[in-house]
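Sharing a structure here in structure tokens format.
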Amino acid sequence: MTDYTEIEKLALEEVKKHAKIYEEAALFNTAKVMKAFRSHMVSDFYLKPTTGYAYSDVGRENLDLIYADIFKAEAALVRSQFVSGTHALAVALLGVLRAGDEMIAATGTPYDTMQTIIGSPVKTPGSLVDMGVIYKEIPMQDDRPDIEAICSAITDKTKLIHIQRSCGYSSVRKTLNVAQIGEICSAVKKVKPDVICFVDNCYGEFIEKQEPTEVGADLMAGSLIKNMGGGFAPTGGYIVGRADLVELASYRLTAPGLGGEMGATLGDTAREFYQGLFMAPHVVTQAVKTAIFAAAVFKNLGYAVKPLPEENRSDIIQAIRLETRERLCNFCIAIQTNSPVDAHVEPVPAMIPGYQDEIIMAAGTFVQGASIELSADGPCREPYNVYFQGGLTFEHGRIAIMSAAQMVGPKA
């Protein structure tokens with residue numbers, strides 16, 4: 001008979017042992033956010049809504065400057081008009097790439113929804129490939145970027161190197177840390193100095209003390225209902241990087257000539273963006289501690305977990321190889337049952353736009369689909385990995401994970 005009390009105790013010891021580095025990063029990043037807030041004299045009137053064209057929206061303009069400061073970038077575009085992180089990524093890529101340009105994916109096959117933006121392997125109407133962009137993909141080698149192969153693939157037409165920080169739905173690659181991203185940027189720029197290094201930073205913000213734009217990334221994008229929104233942002237995304245590239249992206253978001261000068265901040269969104277950013281370093285650490293706990297619990301139940309409890313992390317995602325469709329579904333049902341919203345609903349696998357397989361998702365969240373809140377999902381395909389992320393509080397994560405452990409049971 002499985003002793004779940006003992007398994008929980010051992011997992012708590014693992015969290016205590018390995019959380020210190022992330023708590024130190026949270027302290028560092030909180031200080032960084034506070035310094036940016038002071039520098040830009042955040043005031044109550046920054047938090048007010050605007051309407052219509054929203055010219056001279058002071059709250060919007062200063063939030064862009066604050067993001068640029070935090071990421072040590074030239075410019076930023078932080079908007080509620082981004083409907084998701086995928087949208088922010090698409091706007092960035094469609095803004096800077098033109099027909100005949102070449103894009104190289106340096107970290108293997110991108111996340112499922114990115115594949116539809118690129119138009120590979122299935123050519124999607126309106127995708128990059130459909131618009132004439134040339135696409136290459138360099139597989140990872142032993143969990144690391146194959147820098148030699150990446151550099152060898154660069155041609156005169158290569159305009160952009162795509163780097164995905166998180167492992168996504170891959171069962172074979174690890175998440176990249178900031179230093180590894182810096183190695184890619186340095187290597188490719190030696191071959192072609194004008195190449196654009198673009199980073200999909202989803203799930204990775206505030207895990208470390210540095211961000212990819214501090215080690216050579218020219219352009220980067222992410223979601224506000226993941227790390228940067230701190231559980232407060234109700235929608236939105238961001239793009240940061242070189243000023244000329246952010247401007248090109250802004251023309252894709254609104255219209256050529258209008259760019260980031262327009263876009264109303266409706267309702268309470270401004271306050272939620274500012275407050276979410278302030279809370280983000282702490283909330284991200286809660287999510288990391290929950291992920292370490294989940295890894296330790298399911299490792300002790302006999303399952304393969306990635307990363308291991310003791311491994312250094314560069315995103316909030318925890319992958320657990322459950323090996324059967326039934327276990328995958330049971331895990332997600334347990335997370336949903338232990339959610340603050342829609343706990344009475346049972347998730348089932350379904351086809352979702354942008355994905356290649358049936359997906360099961362558990363997300364009883366205050367903000368629909370917010371993966372900084374406690375959530376779990378996975379494609380219904382072998383090896384039936386569940387991808388677990390988020391947790392506004394470690395206490396909630398602990399309760400939900402122990403429920404999932406008992407519902408899934410030990411590996412036979």
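If you're wondering where the values come from, they're calculated on a predicted model, not measured in any experiment. Just the heavy atoms: all of them, side chains too, but no hydrogens, waters or symmetry mates, feed the values below.
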Quiz item: What's the verdict on side chain to side chain contact (heavy atoms under 4.5 Å, CB included) for Met103 and Leu97, showing C-alpha distance, side-chain angles and the deciding distance?
Solution: CA-CA 8 Å; Met103 166 181 164; Leu97 292 172; 4.1 Å; yes

Exercise. Among Thr324, Ile360, Val386, find the residue that satisfies the side-chain contact (heavy atoms from CB on, under 4.5 Å) test when tested with Cys329.
Key: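 Going through the options one by one, the only one that passes is Ile360.
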
Quiz item: Is Tyr384 close to Arg327 at the side-chain level, that is, under 4.5 Å between some pair of heavy atoms?
Solution: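 Of all side-chain heavy-atom pairs linking Tyr384 with Arg327, none is under 4.5 Å.
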
Quiz item: Got Cys151 and Val191 here, is their nearest side-chain heavy-atom distance under 4.5 Å?
Solution: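 Yes, close enough: below the 4.5 Å cut-off.
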
Quiz item: Would you say the side-chain atoms of Glu102 and Thr158 include a donor-acceptor pair closer than 3.5 Å?
Solution: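 Result is yes, a qualifying pair exists.
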
Quiz item: Does a side-chain heavy-atom distance below 4.5 Å link Glu13 with Leu10?
Solution: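 Side chain of Glu13 against side chain of Leu10, heavy atoms only: contact under 4.5 Å found.
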
Exercise. Could you grab the distance from atom CD of Glu346 to atom CD1 of Ile333, nearest 0.5 Å is fine?
Key: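 Taking CD in Glu346 and CD1 in Ile333, the distance rounds to 4.0 Å.
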
Quiz prompt | Residue pair Glu208 / Ser314, side-chain donor-acceptor N/O under 3.5 Å | solution =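 Yes - a donor-acceptor pair under 3.5 Å links their side chains.
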
Quiz item: Considering only heavy atoms from C-beta outward, does the side chain of Ile196 approach that of Leu245 to under 4.5 Å?
Solution: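 Yes, their side chains come closer than 4.5 Å.
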
Practice problem: Anything under 30° is parallel, anything over 60° is perpendicular, the rest tilted; go ahead and classify Tyr274 against Tyr46. | Solution: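 Answer is tilted, since the angle falls between 30° and 60°.
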
Quiz prompt | Derivation and outcome, salt bridge (Lys or Arg N to Asp or Glu O under 4.0 Å), residues Asp268 and Arg271 | solution = CA-CA 6 Å; Asp268 209 23; Arg271 181 190 63 78; 2.6 Å; yes

Quiz item: Taking C-beta and beyond as the side chain, do Leu128 and Leu93 meet within less than 4.5 Å on heavy atoms?
Solution: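 Yes, at least one pair of side-chain atoms sits under 4.5 Å.
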
Quiz prompt | Over all atoms of both residues, closest heavy-atom pair of Gly236 and Phe273 | solution =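 Scanning both residues completely, I find the closest heavy atoms to be CA-CZ, 4.4 Å.
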
Self-check item: Validation row: Ile154, Val195 side chains within 4.5 angstrom (heavy atoms)
Solution: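 They are not in side-chain contact.
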
Quiz item: Which atom names give the shortest non-hydrogen contact between Gly364 and Pro340, and what distance separates them?
Solution: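 Heavy-atom minimum between the residues: O-CD, 3.2 Å.
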
Quiz item: Nearest 0.5 Å, what's the CD-NZ distance between Glu211 and Lys32?
Solution: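 So the CD of Glu211 and the NZ of Lys32 are separated by 5.5 Å.
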
Exercise. Might you work through the salt bridge (Lys or Arg N to Asp or Glu O under 4.0 Å) test for Glu205 and Lys226, ending with a clear yes or no?
Key: CA-CA 9 Å; Glu205 303 93 343; Lys226 295 183 175 69; over 6 Å; no

Practice problem: Could you tell me the separation between the OG atom of Ser339 and the NE2 atom of His396, rounded to the nearest 0.5 Å? | Solution: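 So the OG of Ser339 and the NE2 of His396 are separated by 5.5 Å.
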
Quiz item: Are any non-hydrogen side-chain atoms of Arg325 and Glu358 less than 4.5 angstrom apart?
Solution: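 Yes; the side chains approach each other to less than 4.5 Å.
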
Quiz item: Has the side chain of Ser152 got a donor or acceptor atom that lies under 3.5 Å from a matching backbone atom of Glu148?
Solution: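 Flag set: sc Ser152 to bb Glu148 pair under 3.5 Å.
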
Quiz item: In Å, rounded to the nearest 0.5 Å, how long is the span from CD1 of Ile70 to OH of Tyr238?
Solution: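 Spacing of CD1 (Ile70) from OH (Tyr238) equals 10.5 Å.
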
Quiz item: When the ring planes of Phe394 and Phe293 are compared, do they come out parallel, tilted or perpendicular, using 30° and 60° as the limits?
Solution: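 Ring orientation of Phe394 relative to Phe293: perpendicular.
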
Quiz item: Hey, what do you get for CG (Asn201) to OG (Ser166), rounding to the nearest 0.5 Å?
Solution: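 Result: 10.0 Å between the selected atoms.
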
Quiz prompt | Atom of Val96, atom of Leu219 and distance for their closest heavy-atom approach | solution =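 What the structure gives for the nearest pair is CG1-CD2, 4.1 Å.
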
Exercise. List the steps and the verdict of side chain to side chain contact (heavy atoms under 4.5 Å, CB included) for Leu374 and Thr290.
Key: CA-CA 9 Å; Leu374 199 68; Thr290 300; 4.1 Å; yes

Quiz item: Looking only at heavy atoms, what is the nearest atom pair of His87 and Gln81, with distance?
Solution: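 It is CE1-O, 3.5 Å.
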
Quiz item: In Å, rounded to the nearest 0.5 Å, how long is the span from CZ of Phe37 to OG of Ser39?
Solution: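 The distance works out to 11.5 Å.
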
Practice problem: Give a yes-or-no answer on whether the side chains of His18 and Asn312 include a donor-acceptor pair shorter than 3.5 Å. | Solution: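 No pair is found: no donor N or O on one side chain lies under 3.5 Å from an acceptor on the other.
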
Quiz item: Relative to the ring of Phe331, is the ring of Phe298 parallel (under 30°), tilted (30 to 60°) or perpendicular (over 60°)?
Solution: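 Rings of Phe298 and Phe331: tilted, 30 to 60°.
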
Quiz item: Would you find more than 12 non-hydrogen atoms of other residues, nucleotides or ligands less than 6.0 Å from Met351 atom CE?
Solution: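 For Met351, atom CE is crowded (more than 12 foreign heavy atoms under 6.0 Å).
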
Quiz prompt | Counterpart residues, salt bridge (Lys or Arg N to Asp or Glu O under 4.0 Å), relative to Asp315 (two or more places apart) | solution =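 Asp315 satisfies salt bridge (Lys or Arg N to Asp or Glu O under 4.0 Å) with no other residue.
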
Quiz item: Below 4.0 angstrom, N of the basic side chain to O of the carboxylate: do Glu311 and Lys174 qualify?
Solution: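 Salt bridge flag = yes for Lys174 with Glu311.
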
Quiz item: For the residue pair Pro110 and Gln115, what are the closest heavy atoms and their distance?
Solution: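 What the structure gives for the nearest pair is O-NE2, 2.9 Å.
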
Self-check item: Glu6-Tyr4 side chain donor-acceptor pair, cut-off 3.5 Å
Solution: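 Per modelled atom types, Glu6 and Tyr4 side chains form no pair under 3.5 Å.
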
Quiz prompt | Heavy-atom closest pair, residues Cys197 and Lys189 | solution =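 For Cys197 and Lys189, the tightest heavy-atom pair comes out as SG-CE, 4.0 Å.
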
Quiz item: Within a radius of less than 6.0 Å around CD of Glu310, do more than 12 heavy atoms belonging to other residues, nucleotides or ligands occur?
Solution: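 Buried by this count: over 12 neighbours within 6.0 Å.
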
Self-check item: Leu224 vs Val78 side-chain heavy atoms within contact, under 4.5 Å
Solution: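 Result yes, sub-4.5 Å side-chain heavy-atom pair found.
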
Quiz item: For Glu23, which residues count as a salt bridge (Lys or Arg N to Asp or Glu O under 4.0 Å) partner, sequence neighbours excluded?
Solution: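 Residues passing salt bridge (Lys or Arg N to Asp or Glu O under 4.0 Å) with Glu23: Lys289.
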
Self-check item: Side chains of Thr113 and Thr86, donor plus acceptor under 3.5 Å
Solution: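 Present: a donor and an acceptor within the cut-off.
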
